[in-house]
Amino acid sequence: MERRSIGAGALTVGAVGLGCMPMSWAYAPSRRRGQESLAAVHTALDLGSNLLDTADVYGPFTNELLLGRVLRERRSEAFVSAKVGLRAGDQHVVADGRPGYLRRACDASLRRLRTDVIDLYQLHRVDPDVPVEETWGAMAELVGAGKVRALGYCALGAGAGPGAGRIGDRGYRTTLRHLERLQQVFPVSAVQAELSVWSPQAAWQLLPWCAARGVGFLAAMPLGSGFLTGTLTPGEGFEPQDVRARHPRFTAEAMASNQVLLAGLRQVARRHGPEVTVAQVALAWVLAQGPQVVPVPGADRAPWAAENARAAEVRLSAGDLAEIAALPVEVGAWD
């Protein structure tokens, strides 16, 4: 698989990563199967998708424990991307950027992951009660201690806002201000934010900032939380604990309206051959946004991990990209 750089240093990863959250958190609890998730991780590593993206809050903690079972055997083949800065409560999560908490959380993650170093440690959310420089400085100390190799910043949830569609984006202004402040403390090696065919806003504001500074970009939710795979049926519904059950994009009406996006992607896929899927075209679009972009699609089954990894072989033409850019604005953003 093609390799891409994370930051200006010597850290490189496979062009397509593996998002591990669905194995333990946020989606359909009844579908979680530990052995099948382990098989997905092994398959991803076999095919070169070596960036494994996790967080201590996923589960909480169980996602890191699951990955630890693979890493004890295949640590040298994996690039471990973990997150810190969110704590799970009874019915909610809260940001925690206190230095003491970060140090304890890092040590706990290292134990669960069965490794002595995390390749990329990402700030999951900024704590509004702690200066971001103080949080970032504590994370930089973990690099100095040899527990972490590089630092990243998650801009998830910082998108364009209601009704912005593909027209404008002001929602990343705070993110960009934070990134400039962090760069004064310790280099940012990667930024993670949502980026997909139906959420392209980060490509307009965050990607130029990253490209100008040699910063890697991890594209979260590049398959639109499953919608851009073309395998979800409008009106089928989701389990109550599934985050999509409460998302306006996944109402039966919104999903029906957005079928035109899938139809456009299917048309592109057909031109690339019978083996190319809608999901692979969606991932190829993300890959085409820049050489520093690494999509991190979630997968908890080996066949899906394999399908995603092989998206790195799909090369979209200028005509393909123009056709995708002309597709209608998605329906059902948060309101």
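Panel note: side chain Thr135, backbone Gly97; a donor-acceptor pair is recorded below 3.5 Å. Side-chain atoms of Arg149 never come within 3.5 Å of backbone atoms of Gly146 as a donor-acceptor pair (strictly under, hydrogens ignored). The main-chain N or O of Trp285 is found under 3.5 Å from a side-chain atom of Gln289 such that the two form a donor-acceptor pair. Proximity of a side-chain donor or acceptor of Ser189 to a complementary backbone N or O of Ala150 within less than 3.5 Å is not detected. Although no hydrogens or angles enter the test, the distance criterion places a donor-acceptor pair under 3.5 Å between the side chain of Arg246 and the main chain of Pro240. The closest donor-acceptor contact from the side chain of Asn63 to the backbone of Leu65 lies at 3.5 Å or more, if one exists at all. Panel note: side chain Arg4, backbone Gln292; no donor-acceptor pair is recorded below 3.5 Å. Asp242 places no side-chain N or O within donor-acceptor distance of the main-chain N or O of Phe238, the cut-off being under 3.5 Å. At least one donor-acceptor pair under 3.5 Å links the side chain of Ser257 to the backbone N or O of Glu253. In this structure, the side chain of Glu36 does not engage the main chain of Arg32 through any donor-acceptor pair within 3.5 Å.
One hydrophobic cluster, built from ILVMFWY side chains closer than 4.5 Å, holds both Leu207 and Val286. No continuous path of ILVMFWY side-chain contacts below 4.5 Å connects Leu287 to Val296, so the two sit in separate hydrophobic clusters. Criterion: ILVMFWY side-chain heavy atoms under 4.5 Å apart, direct or through other members. Under it, Val93 and Tyr27 are part of a common hydrophobic cluster. Both Leu18 and Leu228 are assigned to one and the same hydrophobic cluster, defined by single-linkage of ILVMFWY side chains at heavy-atom distances under 4.5 Å. Both Leu102 and Val148 are members of a single hydrophobic cluster when ILVMFWY side chains are connected at heavy-atom separations under 4.5 Å.
Atom CE of residue Met23 and atom CG of residue Asp300 lie 6.5 Å apart, to the nearest 0.5 angstrom. One finds the CG atom of Leu67 at 11.0 Å from the OG1 atom of Thr115 (value rounded to the nearest 0.5 Å). In this structure, CE on Met139 lies 10.0 Å from CZ on Phe186, to the nearest 0.5 angstrom. Residue Arg177 holds its CZ atom at 9.0 Å from CZ of Arg181, rounded to the nearest 0.5 Å. Rounded to the nearest 0.5 Å, atoms OG (Ser317) and NE2 (His272) are 5.5 Å apart. Atoms OG and CG, from Ser81 and Leu52 in turn, are 9.0 Å apart once rounded to the nearest 0.5 Å.
In this structure, His124 and Val84 have side chains that are not in contact, with every pair of non-hydrogen atoms separated by 4.5 Å or more. Side-chain contact between Leu38 and Gln35 is present, with heavy atoms from C-beta onward closer than 4.5 Å. Residues Tyr58 and Cys20 have side chains not in contact (no heavy-atom distance under 4.5 Å, counting atoms from C-beta outward). Asn308 is listed as a side-chain neighbour of Leu223, based on a closest heavy-atom distance under 4.5 Å. Residues Trp304 and Thr229 have side chains not in contact (no heavy-atom distance under 4.5 Å, counting atoms from C-beta outward). Within the 4.5 Å cutoff, the side chain of Leu195 has heavy atoms near those of the Phe217 side chain. For the pair Val188 and Leu151, the minimum side-chain heavy-atom distance is 4.5 Å or more. Under the 4.5 Å side-chain criterion, counting only non-hydrogen atoms from C-beta, Val80 is in contact with Leu71.
Residues Trp198 and Phe227 place their aromatic rings such that the two centres sit under 6.0 Å apart.
Ion pairing between a basic and an acidic side chain is recognised when a charged N comes within 4.0 Å of a carboxylate O; Asp53 and Lys83 show such pairing. Salt-bridge formation is not detected for the pair Arg270/Glu275: no Lys NZ or Arg NE/NH1/NH2 atom is positioned less than 4.0 Å from an Asp or Glu carboxylate oxygen. By the 4.0 Å N-to-carboxylate-O rule, Asp56 lies too far from Arg87 to be salt-bridged with it. Looking at Glu307 and Arg301, no side-chain N of the basic residue comes within less than 4.0 Å of a carboxylate O on the acidic one, giving no salt bridge. Between Arg75 and Glu77 there is no salt bridge, since no side-chain nitrogen of the basic residue lies less than 4.0 Å from a carboxylate oxygen of the acidic one. Here Arg103 pairs with Glu141 in a salt bridge; the nearest charged N to carboxylate O distance falls below 4.0 Å.
The salt bridge (charged side-chain N to carboxylate O under 4.0 Å, His left out) contacts involving residues 228-238 comprise nothing, where partners must be two or more places apart or lie in separate chains.
For the salt bridge (charged side-chain N to carboxylate O under 4.0 Å, His left out) criterion with Glu64, the lone passing option out of Arg111, Arg112, Arg69 is Arg112.
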